[in-house]
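Note that these values count all heavy atoms, side chains included, but never hydrogens, waters or copies made by symmetry.
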There are 2 protein chains.
Amino acid sequence: MSNQPDPATRAWQSMRALVLDLHDRRAAVSDAIGMSYLRAKALRLLLPGPLPMGELGTGLGTDAPYITVIVDDLEKRGLVRREVNPADRRSKLVQVSTAGRAVARTADEIQSTPPAELLALTEADLATLEQILRRLVESSERR
Amino acid sequence: MSNQPDPATRAWQSMRALVLDLHDRRAAVSDAIGMSYLRAKALRLLLPGPLPMGELGTGLGTDAPYITVIVDDLEKRGLVRREVNPADRRSKLVQVSTAGRAVARTADEIQSTPPAELLALTEADLATLEQILRRLVESSERR
DNA sequence: CCACTTACTTAAAGTCATACAACTATTCTA
DNA sequence: TAGAATAGTTGTATGACTTTAAGTAAGTGG
């Protein structure tokens, strides 16, 4: 029985510890914007452009009924609008409002601000780290 | 307005995306063991040795009343035992049972298995990544 | 055109977690 | 030793999310 797991496992465990335990920002985000983290995530997903409810659900990993609840809520707060999809009148395109964009930006600032420990790395280490992680994200996304 | 955030921010965003979105294991863990992720985390925290309720609460980031609920539940399932702390009879030491240890190990295997994309890195990249992340964890923990 | 599918909505029930308030038992301290 | 602090328990309320079931409206294929 090996006491020391392989480098890939150790790297993965460290990454999880950093994001989930040592520098979890999710509570801070929902505190700051006064709504759940999932709603913040929804707003962020909508930043690049309007999405049909279904695709929003895929992005959030939740099913249709709860998407309706979330979009209802965001709409009541004036952060998104539902528009009929001209290409398919069954579907609705959800679009962020200016106010919604501001909320998304606030959430993004909080969660995207790197921990101080990361900023303390040398420039070379940071560049290396960034480059490896970017490749990991890219290869994970195409699938 | 810079369109491209600095390397530290990019690295942090990638790390968050990998852990929270692209390779989230939390649902898989709780599915596999038939209880919530927080309970799995409690069992894992207890692996190194018994802890008083209070310290378990600190580790899980939840308050005393809910710790009682969690430990009640784990005890009913035969995964932990409460023992009176001989040093302070107000406090109780929570100890994992053999069964609890097995559940913790199952959870750990699922969540610690690195994504295929990580295993696909070169040995050199993996070593570099692991070393930088380990330093980040260490500097984040001492605080 | 009719049956089928798709996109979304509505409603209800259940689980998990958070937050508070009030309580007991024990230990510490002035 | 009396009063304050600490460790844990009990109970209640609420919020966030999941899941299931059933329904409406609009598109699609034979």
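- With rounding to whole Å, A:Asp31 atom CG is found 11 Å from D:dA16 atom P.
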Evaluate A:Arg134 against A:Glu130 for salt bridge (Lys or Arg N to Asp or Glu O under 4.0 Å), listing each step before the verdict. CA-CA 6 Å; A:Arg134 178 162 36 79; A:Glu130 194 282 321; 3.3 Å; yes
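- Across all strands shown, A:Ile67 has no heavy atoms under 4.0 Å from either base or sugar-phosphate atoms.
- The side chain of B:Leu38 approaches C:dT18 more closely than any other nucleotide in the set C:dA19, C:dT26, C:dT18.
- Here C:dC16 presents its C1' atom at 14 Å from CD1 of B:Ile33, a figure rounded to the nearest Å.
- Straight-line distance from the NZ atom of B:Lys92 to the C1' atom of D:dT10: 12 Å, rounded to whole Å.
- Comparing B:Pro65 and B:Ser36 against DNA chain C, the residue whose closest nucleotide sits nearer the 5' end is B:Ser36.
- OP1 or OP2 of C:dT27 lies within a sub-4.0 Å distance of a side-chain N or O belonging to B:Arg89.
- Using a 4.0 Å cut-off, some side-chain N or O of A:Tyr66 falls inside it from OP1 or OP2 of D:dC17.
- In this structure, the side chain of A:Arg10 engages the main chain of A:Pro5 through a donor-acceptor pair within 3.5 Å.
- Among D:dG8, D:dC17, C:dT9, the nucleotide with an atom closest to any side-chain atom of A:Met53 is C:dT9.
- Atom CZ of B:Arg39 is separated from atom C1' of C:dC16 by 7 Å (rounded to the nearest Å).
- With 3.5 Å as the limit, one finds a donor-acceptor pair spanning the side chains of A:Asp6 and A:Thr9.
- Going from atom CG of A:Leu93 over to atom C1' of C:dA7 covers 12 Å, rounded to whole Å.
- Side-chain polar atoms of B:Arg101 and B:Thr98 form no donor-acceptor pair below 3.5 angstrom.
- With distances taken from any side-chain atom of B:Thr68 to the nucleotides D:dT10, D:dC17, C:dA7, the minimum falls on D:dT10.
- When hydrophobic clusters are built by joining Ile, Leu, Val, Met, Phe, Trp and Tyr residues whose side-chain heavy atoms come closer than 4.5 Å, directly or via intermediates, B:Tyr37 is grouped together with B:Leu43.
- With rounding to whole Å, A:Glu55 atom CD is found 10 Å from C:dA7 atom P.
- Residue contacts shown for B:Pro52 are limited to sugar-phosphate atoms, with no base heavy atom under 4.0 Å away.
- Going from atom CD1 of B:Ile70 over to atom C1' of C:dT18 covers 11 Å, rounded to whole Å.
- Residue-to-nucleotide proximity on DNA chain D shows that, of A:Met35 and A:Asp63, the 5′-proximal contact is made by A:Met35.
- At a cut-off of 3.5 angstrom, the base of D:dT6 holds at least one donor-acceptor pair with the side chain of B:Arg90.
- A:Ser91 comes within contact range of the sugar-phosphate backbone alone, with a heavy-atom separation under 4.0 Å but no base atom that close.
- Within the 4.0 Å cut-off from OP1 or OP2 of D:dT9, at least one side-chain nitrogen or oxygen of B:Arg82 is found.
- With salt bridges taken as basic N to acidic carboxylate O contacts below 4.0 Å, none links A:Lys92 and A:Glu83.
- Rounded to an integer number of Å, the gap from A:Asp73 CG to C:dT9 P is 14 Å.
- Heavy atoms of B:Asn85 sit nowhere under 4.0 angstrom from any nucleic acid atom.
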